[in-house]
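Because the structure is predicted, anything quoted here is derived from the model rather than measured. Protein chains get the first letters and strands the later ones, always in sequence-line order, with residue 1 at the start of each.
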Amino acid sequence: MSTATLPSTSRPTMTQTTTASAGAPALNPAYIQIKDFSFYYGAAKVLHGLSLDIPEQQVTAFIGPSGCGKSTLLRNLNRMNDLVDGIRHEGDILVNGHSIYDPLIEVIALRKRIGMVFQKSNPFPKSIYENVVYSLRVAGRNGKAELDEVVERSLKGAALWDEVKDRLHESAFGLSGGQMQRLCIARAIANRPEILLMDEPCSALDPIATAKVEELIHELKKEFTIVIVTHNMQQAARVSDRTAFFYLGKLIEYDVTTNIFQNPANAQTEAYVSGRFG
Amino acid sequence: MPKRDFLSSDVKPAGESWVWVTSMGLGVGLTMIVFLLGMILWNGLEVFWPKPVVQLELRPGSTAGLNNAPVFGGEIVKSQVKAVQALAADGSPLPPQREYQLFVGNKDVYGFGYKFIDEAEIAARSRPADVIVAERLEYGNAIFRPRELRLADGSVLPASAPAFDDVLAGLVRQGNERRAAIRRIERDQIGGINRQLEKIRLERRAIEGRGGEMSPADQRRLADFETTVKELQAGYEQLAARARELRQLQSVNRIVYATMDGAERTLPTGDLIDYYRPNQLTILSKAAIFAHRFWKFLSDEPREANTEGGIFPAIFGTFVMTLLMSVAVTPFGVLAAIYLREYAKQGPFVRAVRIAVNNLAGVPSIVFGVFGLGFFVYVVGGTIDQLFYSLSLPTPTFGTGGVLWASLTLALMTVPVVIVATEESLSAVSRGTREGSLACGASKWQTIQRIVLPASLPGILTGLILAMARGAGEVAPLMLVGVVKLAPTLPLDSIYPFFHLERKFMHLGFHIYDLGFQSPDSEAAKPMVFATTFLLILLVVCLNLGAILIRNHLRKKYKTSTF
Ligand SMILES: Nc1ncnc2c1ncn2[C@@H]1O[C@H](COP(=O)(O)OP(=O)(O)OP(=O)(O)O)[C@@H](O)[C@H]1O
Ligand SMILES: [Mg+2]
């Protein structure tokens, strides 16, 4: 069976512009298009006909009260939900113009191009070095020089290099919680994916580590398209270019971040971002 | 309103007294284990400790002695109050009487090795310094007082001569060396010739079996065979003559001695293996003898229907079989568990399979033995013989019990243990870790192979440890699939192809059974039973320790996160 790969090097110019309000930062073309997407765990419908376009090389934040389906949507972007039994979806998700549900697309190839950082850091029971190069090893790339270079670049990218450069071959479990999370970020960016999905990456971190990760996100968006789920309004305001507010599986409002926080169109959004409910 | 004191509550936390019950349960269990190990350790090791030999003078007119002699002696192995009370002439019971069990040795003279004697029969006891306990090739130990050495040159060296001990020690050492030489000739060299002859016989049969006209090449080869066989036979004659000559030399020097009851005997010094003077030993020399005897027990082959000598072949057989079993059971169990846990669609069918696997662990082991005999030995082994060893038929090669079939049978028996342990440790690898791997673009198999399996190795090893402990101690199924009372050869030796998986083997568990129930001399076998049991436990502990060390190493390597 031949597998269609997503064309990656030449990103086509957008055909369709995002529905942005005035005064927004420079709009990049939509890289991920979610089209009338609904999702079911068994009989429970947790996402209700969502439509939104996520632009390239920007940070998009998903906010909303607990259980509203942010993680579910995020995990659908790299089809991580395929592992769950009894799932079903309607609608479609396009990455760079191609449906990720196209039967000709291999999930593995898709995931190679979409890195993911999980809410709970999940380093592998291996050395720091092996953790970082894991995505290269599974792709069959074992050249020592290349791996060394990737380790240094990724760890520097994740602001971890200085702390671990002398113990790259020790177990990753010897790191602190915040270091582990940054290691997971390094791991996610090692293979230079185009999209980086982050599910509450800072929920287990102290303010200093959080600041580091936020700085990192600023750095990373030069290269990657980033989608971040967060419960921290200030964080969303600080790091993201665009923000989507979800409530009970529905997209309530999606706009440029400054609009969402300073001038929300929807009363629910306003109540949530100002901390009056949620 | 009185102020409530929250700190000094008189309400006991509910159920605290149960802590005592649980700790008592543990205490009873531990006591039982310590007691069991201590008992086996004591009984198993005490055998090797040299005991003094007492000489007993019987009261005049006693008929309790041996050969009607008024004195006899031996090692006191047991002292107890007689179970049956003797009655006085008027029918009133006499005070309780003590009796002793003596190891009198010299089975060639008496026909038995142990004897009970009432304390009432004993008039006096002493410990003569010149008594010797000697280990010999036949009839167990001899206990005697030396008289003289009759040497090959006709000279006679009395026991009182100062040089007596040195000469005797020299002769014993010489005898042992010569025995080793005879053994080398007979087993290695003559054995080698026999193997060559057998090979020629099979090749000749193959040529003759082809039928029809014989090609000139074949005729030439047959002729070649004739000459080689002649050469080999000449070599054999030579070696046999050399062995005969050495054997003769073994009996040219003789020791004359008197047993404790005074009867005089002569014994070729070549029949002696070892000797010591039990009544002249310091605690240190006793310890040295203890260590020496224990080592001989570990490293020697059994003699005299397994009641004397060592148990090395049994240790080795158990070891090889357990290792082979582990090698066979691990891949099977792990692969099966991976499929069950990771790939099979969880549902009623998989649940049923899992229950069946668990129940398999409870099937009596003899059932596996019967299966091993019917399937491995008769079907698989028989087929292998038909295909590859048809020339030596009807003598079976793989079509009879052997260490390979025994290992596979035990592997089958212990595979549920490994499956259950592996499944458990696979399921302990968190979903988050697996998702992390998949998110990196790894396939499911890559995730299992690179992340899940390494992380669950310690758990898999725990399963293997349990399997080894069960497998190494099993006897019943082995009796059907290849264990024997006495195996002339080890399953691993220096003869090509080194591993002889078809060979029968000895096993510590079966050795215990054999000593305990099949021995011609149950008294002589009793200490051996304990000593062998001790070694079986020791071997299992060592194997498990090895596995535990590996597991700890892995645990450290993949140690789980601690915040
Ligand atoms: N594997 C699953 N099977 C069934 N239902 C699920 C599963 N995962 C999530 N859900 C349900 O789907 C809904 C959305 O869950 P989701 O994890 O996406 O929420 P969330 O917005 O990420 O919440 P939080 O902010 O607490 O992480 C919830 O009602 C949840 O109970
Ligand atoms: Mg979530």
Side-chain angles (χ1 to χ4, degrees), chain A residues 74-75 77-85 106-127 130-141 169-180 183-184 187-191 193 196-199 204, chain B residues 334 338-351 354 422 424-462 550-563:
Chain A
L74 195 73
R75 289 162 55 84
L77 298 183
N78 66 347
R79 291 185 57 183
M80 198 48 88
N81 269 338
D82 286 10
L83 302 181
V84 182
D85 283 337
E106 250 199 84
V107 178
I108 292 176
L110 176 77
R111 292 193 188 134
K112 282 194 170 120
R113 295 179 42 198
I114 306 183
M116 186 163 194
V117 178
F118 294 80
Q119 181 166 354
K120 195 164 171 286
S121 71
N122 53 356
F124 302 139
K126 292 171 175 290
S127 68
E130 287 301 324
N131 261 281
V132 177
V133 300
Y134 186 75
S135 53
L136 280 81
R137 289 230 192 259
V138 295
R141 282 151 65 188
H169 295 283
E170 285 172 31
S171 166
F173 288 140
L175 297 174
S176 77
Q179 289 172 327
M180 282 192 202
L183 178 66
C184 291
R187 185 176 76 193
I189 61 176
N191 205 10
L196 190 59
L197 308 176
M198 303 174 110
D199 193 350
Chain B
V334 170
I338 288 179
Y339 187 80
L340 265 185
R341 172 62 53 184
E342 305 283 337
Y343 285 103
K345 200 163 162 51
Q346 305 297 320
F349 180 69
V350 167
R351 257 204 309 284
R354 200 167 279 139
T422 307
E424 220 132 85
S425 60
L426 288 178
S427 63
V429 177
S430 74
R431 196 192 164 100
T433 314
R434 293 159 191 264
E435 285 183 348
S437 166
L438 292 170
C440 283
S443 67
K444 183 157 190 181
W445 173 247
Q446 282 174 321
T447 301
I448 291 172
Q449 180 203 353
R450 290 166 187 252
I451 304 290
V452 178
L453 266 189
S456 45
L457 264 186
I460 294 173
L461 274 171
T462 303
I550 298 176
R551 184 178 64 184
N552 287 353
H553 175 76
L554 289 174
R555 277 224 179 107
K556 222 179 294 154
K557 201 160 149 201
Y558 303 115
K559 85 166 178 265
T560 35
S561 156
T562 43
F563 282 87

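A 4.5 Å side-chain heavy-atom check between A:L83 and B:R431 finds at least one atom pair inside the cut-off. For the pair B:V429 and A:P125, the minimum side-chain heavy-atom distance is 4.5 Å or more. Put simply, the side chain of B:R434 does not reach to within 4.5 Å of the side chain of A:N122, judged on heavy atoms.
Residues B:C440 and A:V138 come closest through the heavy atom pair O-CG2, 3.9 Å. In plain terms, the two heavy atoms of A:R187 and B:G436 that are nearest each other are NH2-CA, 3.8 Å. When all heavy atoms are compared, the tightest approach of B:G441 to A:K112 is O-CE, 3.7 Å.
Here A:A188 pairs with A:V117, A:L196 under the side-chain contact (heavy atoms from CB on, under 4.5 Å) rule; sequence neighbours left out. A search for ring pair (Phe, Tyr, Trp, His ring centres under 6.0 Å) contacts involving A:F118 returns nothing, not counting sequence neighbours.
Of the inter-residue distances, the one linking A:I108 atom CD1 with B:Q446 atom CD reads 6.5 Å to the nearest 0.5 angstrom.
In this structure, chain A has no heavy atom under 4.5 Å from any part of B:S430. Neither the backbone nor the side chain of A:L197 comes within less than 4.5 Å of any heavy atom of chain B.
Considering A:M116, A:R79, A:R111 in turn, A:R111 is the only one that fulfils the side chain to side chain contact (heavy atoms under 4.5 Å, CB included) rule with B:L438.
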| request: Mind running side-chain contact (heavy atoms from CB on, under 4.5 Å) on A:Y134 and B:R450 for me, showing each step along the way? | output: CA-CA 9 Å; A:Y134 186 75; B:R450 290 166 187 252; 3.9 Å; yes
